[in-house]
Amino acid sequence: MPTNASTSLSFGKKAAELVREIVESDPETLPPYNADAMRTIVEQCGDHRAEIVTLAPDASEDATRVGLLAHHQAILRNKRAMLVYLNERVGRVKEMRWSVGMGLPESASANMSHGERTFFTKYAETLNEYMRAVDLDLTLDLEPPQNHKIQVRCLEDHGEIFTRDGTVDLKKNTVHLLWREEAQPLIREGVLEQMDDE
Amino acid sequence: MAYYSANDFLAAEPEVSVEFIVGARGLASELGASASTGRRRNDDDSNDRVNDVPEDFATKIPLWWLEGALWEDVDLVGVPDAFDDDVFASLEAPNGGRMTDLRSRCENYFGFGRRLVAALRRQEAAAENGDVERVERLGEKIERAFARRWSECLCEVLGRCDDADAIERSLTREERKIWNAGREAQKAYERWRYGRGERLVASKIVQDAKRRKREANNAM
């Protein structure tokens with residue numbers, strides 16, 4: 001008995017919406033994981049499969065073959081859309097490790113799926129292990145620096161930190177001259193702000 | 001890596017006009033074909049034929065439908081309006097590359113154009129009296145259009161440009177990528193040339209989180 005599921009299938013439309021959603025979002029942020037859309041697309045793949053099973057016995061007929069190919073192509077399209085979506089998000093999660101560091105804000109973490117949070121942790125661990133092995137912090141100085149020391153302003157009370165020049169008390173709105181590699185992680189976390197050169 | 005490219009994915013989304021050579025079973029409701037025109041194999045059939053697309057049914061489908069083996073049973077008819085001769089004529093006119101709004105015609109104009117030409121070429125090569133030359137001429141027009149846009153629009157990003165906002169609004173998706181890359185390259189050059197160095201800033205995610213925290217604290 002043939003199903004009439006085609007009316008709910010809307011070949012590839014949900015898939016295209018999902019990809020547009022991630023493409024049109026700000027590339028420097030991670031929008032919330034759209035689990036509903038992913039679930040719907042997986043269900044649609046199941047419906048396409050059911051249609052293929054229904055049509056398969058008459059596959060020798062030309063018109064049936066065309067129907068089969070259309071449903072098959074729709075499954076491949078849906079699969080590609082989900083992979084594109086996941087790949088784009090994974091790229092942004094990786095980028096967060098480099099731009100934000102280990103201390104991911106809760107708002108960013110809340111937008112990730114469970115799998116993405118696990119990926120972030122494992123990616124960060126792998127990167128840290130490699131940096132320990134080569135004894136180099138690769139996340140510092142992503143562009144060639146001009147000065148070894150930079151002037152920074154403290155944006156919030158952060159307590160005392162130990163630097164190679166001694167202890168520095170980071171109180172809100174105080175100005176300090178710090179070594180670049182010591183200031184960078186705190187700038188990334190939003191604790192310090194680099195001041196413009198005079 | 002094009003498989004995972006979102007722009008490449010979306011480039012196959014625009015619709016093309018086609019004819020189903022042998023019809024298609026079970027797709028009438030998706031394609032908007034009238035159930036009453038659905039061809040019945042014979043009158044003894046059950047109602048499983050009312051959802052059939054008849055032979056030579058003309059409709060529009062997204063280009064990605066033709067990426068698999070389906071292209072052998074479906075004929076592309078004409079080219080979409082975005083690739084009409086008047087669009088190419090407007091691009092060839094003086095200052096045409098700058099003035100023509102390609103984004104409103106097709107968000108992924110050049111990506112879609114490339115795939116369209118490939119699909120047409122395949123169809124004409126397989127046909128008995130296929131007109132491959134016509135397809136190659138279309139391909140050349142699209143290439144010239146891109147060259148025009150490159151020289152009149154995209155190169156502007158490297159210099160002073162008074163109407164940068166207007167140009168940016170008319171850029172297709174792939175042109176915007178090039179435009180943004182040019183802008184980043186120009187900024188990097190100015191940083192190197194004038195020796196100011198990169199100012200370290202927290203990422204947008206961190207700034208947003210801090211701002212939300214401050215607003216929450218102020219609200220309390």
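On a predicted model such as this, the values are computed, not experimentally measured, just so you know. Every chain is numbered from 1, with letters handed out A, B, ... down the list of sequences.
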Looking at [X], I'd like to know if its [atom1] atom is crowded, meaning that more than 12 non-hydrogen atoms belonging to other residues, nucleotides or ligands lie closer than 6.0 Å.
X: B:W150; atom1: CH2; answer: no
X: B:R122; atom1: CZ; answer: yes
X: B:R183; atom1: CZ; answer: yes
X: A:Y33; atom1: OH; answer: yes
X: B:K60; atom1: NZ; answer: no
X: B:M99; atom1: CE; answer: no

Does some side-chain heavy atom of [Y] sit less than 4.5 Å from a side-chain heavy atom of [X]?
X: B:I205; Y: A:E28; value: no
X: B:I61; Y: A:F11; value: no
X: A:R188; Y: B:V201; value: no
X: B:L70; Y: A:Q73; value: no
X: B:R173; Y: A:E24; value: yes
X: A:V84; Y: B:S5; value: no
X: B:D73; Y: A:R65; value: yes

Task: Shortest non-hydrogen contact between B:A6 and A:V19, atoms and distance - done: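 Closest heavy-atom pair between B:A6 and A:V19: CB-CG1, 3.9 Å.
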Task: Considering all heavy atoms, the nearest A:A16-B:L10 contact - done: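 The pair with the smallest heavy-atom distance is O-CD2, 4.2 Å.
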Task: Residue among A:V152, A:V191, A:V66 with most heavy-atom pairs under 4.5 Å to chain B - done: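 The option with the most such pairs is A:V66.
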TODO: Report the option among A:R77, A:R20, A:E88, A:E193 that has the most heavy-atom pairs separated by less than 4.5 Å from atoms of chain B.
DONE: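 Among the listed options, the one with the most contacts to chain B is A:R77.
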Salt bridge present between [X] and [Y] (N-O < 4.0 angstrom):
X: B:R25; Y: A:E51; result: no
X: A:E106; Y: B:K213; result: no
X: A:E156; Y: B:K210; result: yes

Task: Region of B:E13 in contact with chain A, defined by heavy-atom distances below 4.5 Å - done: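 Both parts, backbone and side chain.
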- [ ] Identify which part of B:A12 has an atom lying under 4.5 Å from any heavy atom of chain A, answering side chain, backbone, both or neither.
- [x]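 Both parts, heavy atoms under 4.5 Å.
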Open item on the list: Taking the six-membered ring of B:F9 as reference, does the cationic atom of A:R80 (NZ for Lys, CZ for Arg) lie under 6.0 Å from its centre and within 45° of its axis?
Closed with: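 Not satisfied by the 6.0 Å and 45° rule.
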Open item on the list: Whether the B:R212 and A:S107 side chains hold a donor-acceptor pair (N or O, under 3.5 Å, no angle test) is what I'd like checked.
Closed with: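 The criterion, which ignores hydrogens and geometry beyond distance, is satisfied for A:S107 and B:R212.
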Interchain contact, [X] with chain B, by part (heavy-atom threshold 4.5 Å):
X: A:D62; result: both
X: A:D26; result: side chain
X: A:A183; result: neither
X: A:L68; result: neither
X: A:E189; result: backbone

Task: Gap between atom CH2 of B:W65 and atom CG of A:L69 - 0.5 Å precision - done: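 Output value for this atom pair is 11.0 Å.
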TODO: Could you grab the distance from atom CG of A:L104 to atom OG of B:S203, nearest 0.5 Å is fine?
DONE: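 Spacing of CG (A:L104) from OG (B:S203) equals 9.0 Å.
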